[in-house]
Amino acid sequence: DIELLERYVESFHYILALFVGEHVSLPANLVQKIFTVVVLIFAFVVSASFVGSLTTAMTRLQIIASQRSAQFAALNRYLSDCRISARLSMRVQRNARHALRERIRNTHESKVELLTLISEPLRSEIHYEVHAPLLTQHPFFLLYNRRNPAGIRQICHTTVSTLYLS
């Protein structure tokens with residue numbers, strides 16, 4: 001058992017050494033050489049995949065950041081060209097940043113493509129759960145919800161919509 005454990009630990013050490021590019025011992029026969037080549041190819045593919053994923057994520061972040069910078073630069077240029085006061089410009093920029101954060105935080109239903117594929121009754125239930133808590137804060141709608149829950153569901157589904165005012 002100790003010989004088996006020693007061989008296992010030596011094999012594990014050898015594999016780890018291959019992953020970091022170090023050769024602990026040279027392969028002695030054809031099987032060891034093939035195994036070394038397979039492990040090196042696997043390590044190369046895994047590391048290339050990792051680097052590719054990381055590069056893609058960084059590129060996406062850079063594109064998003066540059067789009068936002070361009071939007072705020074255009075806003076600043078407009079405010080400057082129209083000779084808007086510094087105080088009002090600061091308020092406008094602060095409001096624009098707030099509106100952008102809210103837009104990111106609150107995904108509008110129209111931006112979720114899969115919601116168009118679900119059944120109408122399920123969408124009606126979603127609308128009820130989204131809008132009813134706010135709507136039933138008013139005494140009339142609270143009473144109406146108690147007397148006619150289907151009516152409030154219909155109101156939430158067909159009449160109520162979200163409007164963001166920033």
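Residues Asn145 and Tyr128 meet the side-chain proximity criterion, which asks for heavy atoms closer than 4.5 Å. Between Arg147 and Leu143 the shortest side-chain heavy-atom distance falls below 4.5 Å. Annotation: side chain of His127 is in contact with side chain of Glu109 (closest heavy-atom distance under 4.5 Å). At a threshold of 4.5 Å between non-hydrogen side-chain atoms, the residues Val130 and Cys156 do not count as touching. No side-chain heavy atom of Tyr144 sits less than 4.5 Å from a side-chain heavy atom of Thr136.
Minimum heavy-atom separation, Pro133 to Gln137: O-CG, 3.4 Å.
Between the CD atom in Glu3 and the CG atom in Leu5 there is a gap of 11.0 Å [rounded to 0.5 Å]. Atom OG of Ser85 is separated from atom CE of Met90 by 11.0 Å, given to the nearest 0.5 angstrom. Between the CG atom of Asn148 and the CZ atom of Phe141 there is a distance of 12.5 Å, given to the nearest 0.5 Å.
The environment of Gln93 atom CD is dense: over 12 non-hydrogen atoms of other residues, nucleotides or ligands sit within 6.0 angstrom. More than 12 heavy atoms of other residues, nucleotides or ligands shown are found within 6.0 angstrom of CZ on Arg97.
Taken together through direct or relayed side-chain contacts under 4.5 Å among Ile, Leu, Val, Met, Phe, Trp and Tyr, Phe44 and Val51 form parts of separate hydrophobic clusters. Linking ILVMFWY residues whenever their side-chain heavy atoms come closer than 4.5 Å, directly or via other members, leaves Met58 and Ile64 in distinct clusters. Residues Val160 and Ile152 share a single hydrophobic cluster, defined by chaining ILVMFWY side chains whose heavy atoms lie under 4.5 Å apart.
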Please output the side-chain donor-acceptor pairs of residues 115-124 that fall under 3.5 Å, not counting sequence neighbours, one pair per line with the distance.
residue, atom, partner, partner atom, Å
Thr116, OG1, Glu113, O, 2.5
Ser119, OG, Leu122, N, 3.4
Glu120, OE1, Arg123, NH2, 2.7
Glu120, OE2, His157, NE2, 2.6

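For the pair Ser66 (side chain) and Gln62 (backbone), a donor-acceptor distance under 3.5 Å is present.
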Quiz prompt | Residue pair Thr56, Arg60: steps toward the side chain to side chain contact (heavy atoms under 4.5 Å, CB included) verdict | solution = CA-CA 6 Å; Thr56 301; Arg60 285 184 185 152; 3.9 Å; yes
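The side chain to side chain donor-acceptor pair (under 3.5 Å) check on Gln154 picks up nothing, with sequence neighbours excluded.
Chaining together hydrophobic side chains whose heavy atoms lie under 4.5 Å apart places Ile104 alongside Phe72, Leu75, Tyr78, Leu79, Ile84, Leu88, Val92, Leu100.
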